[in-house]
Amino acid sequence: MMRGVRAALGAAVLGLAMGGAAWAQPAADTMGAIRARGTVICGVAGGVAGFSLPDSQGVMRGLDADGCRIVAAAILGDASKVRFINTTTQSRFTALQSGEVDMLVRNTTWTLGREAALGLEFASINFYDGTGFMVKKASGVTSVKGLDGATVCVQPGSTTELNLTDYFRANGLRFSPLVIENLEELRAAFINGRCDAFTTDASSLASFRFAQGANADQYLLLPEIISKEPLGTMVRKGDWKFFDIVRWAHFAQLTAEELGIDSRNIESFRGSANPEIQRFMGATGDLGKALGVNPDWAVQIIRQVGNFAEMWDRNITPMGVQRGINNLWTRGGLQYAPPMR
């Protein structure tokens, strides 16, 4: 009798716990919403060369922009079905939390605080970066240690702002921050001499220098990188099906690069006897079904956008940035894809 009561109580408690857990998760279906509207809505910066910047035809180009396209290719079979929404460092998280955008690919650093407190989740890392500093060559400064007492341009609400304060304090250096939210205004302040140095992610500094064209040689990126800034794609917590496809779209690009598959030769891999390639091409297995997409989802990503090396070479290499730690793990880098099986 008592044993039966205990069993019944245990089942009731388990049911309440499971119900509570289910109730605690948001009832989101981002993939369903994307299919219904026929477009992925993606939050980007919209003004950073190499990452997200419209070309002369108004088409958004860059590593982050292509990070949106791979998801459209996987879910909709068409990488062009993306609507880009420009966001600021202050508005980006609210835009994702509120549902204004489906995903955020905006030079955004993966940190514990952001993942634990914002109701958002990082699905992938598309650029391993770090906080850097830029000065005008004419200043004669060749190291951050030479910036004692300097005025430094920095954006508010960024990890850079905290990194700047921590680094100068830890090294006994003084500085005066010039805080401006709008990135173009911040860059203009640096160019016009309102600050002695400009600090942000080293990738963004390289992008800024590249955009100066013939004047690029006037600017020097100092050698010190003072932080870890893994930049990645964010989605809302709880919508795990969408999280899965965003994460594995990135991993599919890395896997293709490892296998030697790119946008030019992918059709030649049809009929391959390699089991790993068969699964990648959707010829065997049910990986697409498990993700809730078509069997050829990975093929569409590579055919329409390319593997990760192609994406990098198209967007980042022209800025003079070496791939370095963003290379595949087999080439000494940090980019590593779990097995697609």
Side-chain angles (χ1 to χ4, degrees), residues 25-26 28-34 39-48 50-52 60 62-75 82-131 155-163 181 183 200-201 203-204 227-254 291 301 305 308 311 315 326 334-335 337:
Q25 297 296 336
D29 180 13
T30 305
M31 287 177 64
I34 288 169
T39 332
V40 174
I41 304 176
C42 195
V44 295
V48 182
F51 289 86
S52 58
M60 193 69 75
L63 195 74
D64 288 349
D66 283 347
C68 305
R69 292 187 174 101
I70 62 175
V71 175
I75 296 176
V82 180
R83 180 155 65 91
F84 296 99
I85 302 291
N86 292 352
T87 61
T88 67
T89 54
Q90 301 287 60
S91 70
R92 55 185 165 170
F93 300 128
T94 304
L96 183 56
Q97 290 164 332
S98 67
E100 180 185 354
V101 299
D102 299 318
M103 55 190 291
L104 183 69
V105 199
R106 194 203 176 280
N107 309 91
T108 299
T109 302
W110 186 348
T111 70
L112 185 155
R114 287 173 173 174
E115 196 163 82
L118 298 178
L120 306 175
E121 194 87 12
F122 282 85
S124 63
I125 298 173
N126 69 349
F127 198 107
Y128 288 92
D129 208 351
T131 297
Q155 279 187 298
S158 63
T159 55
T160 306
E161 191 176 19
L162 178 61
N163 294 335
E181 179 180 353
L183 183 59
T200 186
D201 294 339
S203 61
S204 184
S227 71
K228 294 184 294 184
E229 304 295 327
L231 310 181
T233 302
M234 296 187 81
V235 298
R236 288 179 290 276
K237 276 188 177 176
D239 192 352
W240 301 117
K241 273 295 183 185
F242 186 58
F243 171 89
D244 286 345
I245 195 62
V246 172
R247 166 170 280 185
W248 283 94
H250 172 69
F251 286 154
Q253 288 190 299
L254 298 179
L291 288 171
I301 290 172
V305 185
F308 193 75
M311 200 164 72
N315 299 302
N326 285 286
L334 297 176
Q335 290 289 1

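Here the structure is a predicted model, which is why all the values come from computation and not from measurement. The residues of the chain are indexed from 1 along the displayed sequence. For the numbers below, each heavy atom of this structure counts, side chains included, while hydrogens, waters and symmetry mates do not.
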Heavy-atom side-chain contact between Phe51 and Ser203 under 4.5 Å: yes
Plane angle bin for Phe122 and Trp110 - parallel if under 30°, tilted between 30 and 60°, otherwise perpendicular: parallel
Minimum heavy-atom distance Asn326-Phe308, with the two atoms named: O-CE2, 3.9 Å
Arg247 side-chain N/O to Ala123 backbone N/O, donor-acceptor pair under 3.5 Å: yes
Counterpart residues, ring-ring contact (aromatic ring centres under 6.0 Å, His included), relative to Phe93 (two or more places apart): none
Between CG on residue Asn86 and OG on residue Ser52, distance to nearest 0.5 Å: 7.0 Å
Pairwise distance OG1(Thr109) to CG(Leu231) - rounded to 0.5 angstrom: 5.0 Å
Main-chain N/O of Gln90 paired with Thr88 side-chain donor or acceptor, under 3.5 Å: yes
Donor-acceptor contact present, side-chain Lys237 to main-chain Leu118, <3.5 Å: no
Interatomic distance, Arg114 atom CZ to Glu121 atom CD [nearest 0.5 angstrom]: 14.5 Å
Short side-chain to backbone donor-acceptor contact, Thr89 and Pro156, under 3.5 Å: yes
Smallest separation among heavy atoms of Met103 and Val71, with atom names: CE-CG2, 3.6 Å
Whether Glu161 side chain and Gly157 backbone form a donor-acceptor pair below 3.5 Å: yes
Heavy-atom check, side chain of Leu120 versus side chain of Glu115, under 4.5 Å: no
Straight-line distance of Leu291 CG to Asp244 CG, nearest 0.5 Å: 6.5 Å
Pairwise distance CG(Leu104) to CZ(Arg92) - rounded to 0.5 angstrom: 7.0 Å
4.5 Å side-chain heavy-atom contact, Gln155 and Leu183: yes
Where Ile301 and Ala252 come nearest, the two heavy atoms and their spacing: CD1-CB, 4.4 Å
Presence of salt bridge, Arg69 and Asp66, under 4.0 angstrom: yes
Minimum heavy-atom distance between Gln253 and Val305, given as atom pair plus value: NE2-CG1, 4.1 Å
Modelled atom types, side-chain donor and acceptor of Asp239 and Thr30, under 3.5 Å: yes
Test item: side-chain donor near acceptor, Glu229 and Asn107, under 3.5 Å: no
Name of the residue among Thr233, Asn315, Asn126 meeting side chain to side chain donor-acceptor pair (under 3.5 Å) with Asp64: Asn126
Pairwise distance CD(Glu181) to OG(Ser158) - rounded to 0.5 angstrom: 10.5 Å
Check: Ile41 main-chain N/O paired with Asp102 side-chain donor or acceptor under 3.5 Å: yes
Closest approach of Cys68 to Val44 (non-hydrogen atoms, all atoms of both residues): SG-CG1, 4.0 Å
Test side chain to side chain contact (heavy atoms under 4.5 Å, CB included) applied to Ile85 and Cys42, step by step: CA-CA 6 Å; Ile85 302 291; Cys42 195; over 6 Å; no
Check: Phe242 and Ile75 side chains under 4.5 Å, non-hydrogen atoms: yes
Where Val48 and Ser204 come nearest, the two heavy atoms and their spacing: CG1-OG, 4.3 Å
Donor-acceptor under 3.5 Å (Arg236 side chain, Leu96 main chain): yes
Check: Thr108 side chain, Arg106 main-chain N or O, donor-acceptor pair, under 3.5 Å: yes
